[in-house]
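Input: a single structure, listed below in structure tokens.
Side-chain atoms are counted along with the backbone in the values below, which use heavy atoms only and exclude waters and symmetry mates. Numbered from 1 within each chain, the chains take letters A, B, ... in sequence-line order.
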There are 2 protein chains.
Amino acid sequence: MELYEPDVAAVPVTTILSALGDEARLEIVRELHRDGERCCGTFDLGLAKATRSHHLKVLREAGVTHTRIEGTSRYVSLRRDELERRYPGLLSAVLATAPTP
Amino acid sequence: MELYEPDVAAVPVTTILSALGDEARLEIVRELHRDGERCCGTFDLGLAKATRSHHLKVLREAGVTHTRIEGTSRYVSLRRDELERRYPGLLSAVLATAPTP
DNA sequence: ACTCATGTTCGACAATCGTCGAACATGCAC
DNA sequence: GTGCATGTTCGACGATTGTCGAACATGAGT
């Protein structure tokens, strides 16, 4: 079985920005940036399974993440290169860590 | 009279991304990027005045734009330097022009 | 086969968002 | 003053979104 993952260049930039503009989803992206590939279940966001699944779907359909299926688990990772090629600097800007009081 | 404009560093990045993640608002940002300062009424987005006013407020309160009052008109501009200092490369990445279907 | 673990999908719900017309505020010009 | 132009604010409305529990699907292990 295959999961739908759009071509990054075909996704409106507003869709990507909206996907990143949610606290839960951005936290997922931060952890993916820090850890690389992660199994779905390892995201502890204080949300129900259904909600987490929804957020991962939004990120995937925005072209932000790639999902690899292995058994009953799904491994998620950032589509760094493709994002960087289409929107150079976007990811690093969004992930810019700084004194956020 | 003064308009509330937050410190960019105090605005959650998700707020900025959500503000940019709307087609009408991003179009405003694009035109500001191209033209520099613009008078509110010069944005022809095919929307009602009230809606345009709402979008400009969202952008302003997200720290994206600055508004200067002159008579009954308001002149809007991008807060480029402050955004660049807090999120280097964000604006140019978002405005990356390319085949956006 | 049965069970367990991992996720997704299906309603449903409340909250937020984008949109509008109408009313209001403010400053300029006559 | 009276008008006029520029914008904002105030409900209101429908659409979208984030959230959840329950049901479902799938694969691994016993």
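Looking only at distances, a side-chain donor or acceptor of B:Glu5 sits under 3.5 Å from a matching main-chain atom of B:Thr67. No donor-acceptor pair closer than 3.5 Å links the side chain of B:Thr15 to the backbone N or O of B:Ala62. Panel note: side chain A:Arg74, backbone A:Cys40; no donor-acceptor pair is recorded below 3.5 Å. When atom types are taken as modelled, the side chain of B:Arg86 and the backbone of B:Ala10 share no donor-acceptor pair closer than 3.5 angstrom.
The distance from atom CZ of B:Phe43 to atom P of D:dG7 is 10 Å, rounded to the nearest whole Å. In this entry the distance linking OH of A:Tyr75 with C1' of C:dT6 reads 10 Å, nearest Å. One can place CZ of A:Arg74 at 5 Å from P of C:dT8, the figure rounded to the nearest angstrom. One can place OH of A:Tyr4 at 14 Å from P of C:dT9, the figure rounded to the nearest angstrom. In this structure, B:Asp44 places its CG atom 15 Å from C1' of D:dT6, rounding to the nearest Å. Atom CG in A:Leu56 sits about 14 Å away from atom C1' in D:dG18, given to the nearest Å. Distance A:Arg38 CZ to C:dT6 C1': 15 Å, rounded to the nearest Å. In this structure, A:Leu59 places its CG atom 15 Å from P of C:dG7, rounding to the nearest Å.
Each of B:Val58, B:Leu59, B:Val76, B:Val11 was checked for a side chain to side chain contact (heavy atoms under 4.5 Å, CB included) with B:Val64, and the lone residue meeting it is B:Leu59.
The shortest side-chain heavy-atom distance between B:Leu95 and B:Arg30 falls under the 4.5 Å cut-off.
A:Arg79 and A:His66 share no donor-acceptor pair across their side chains, judged by distance under 3.5 Å alone.
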Give the B/S/- string for nucleotides 16-21 of chain C, one per nucleotide from 5' to 3', where a protein heavy atom under 4.0 Å of the base yields B, of only the sugar-phosphate yields S, and otherwise -. --SBBB
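Using a 4.0 Å heavy-atom distance criterion, B:Ser53 is classed as a base contact.
Taking 4.0 angstrom as the limit, B:Arg52 places none of its side-chain polar atoms (N or O) nearer than this to OP1 or OP2 of D:dT6.
The side chain of A:Thr72 approaches C:dT6 more closely than any other nucleotide in the set C:dT6, C:dG27, D:dG7.
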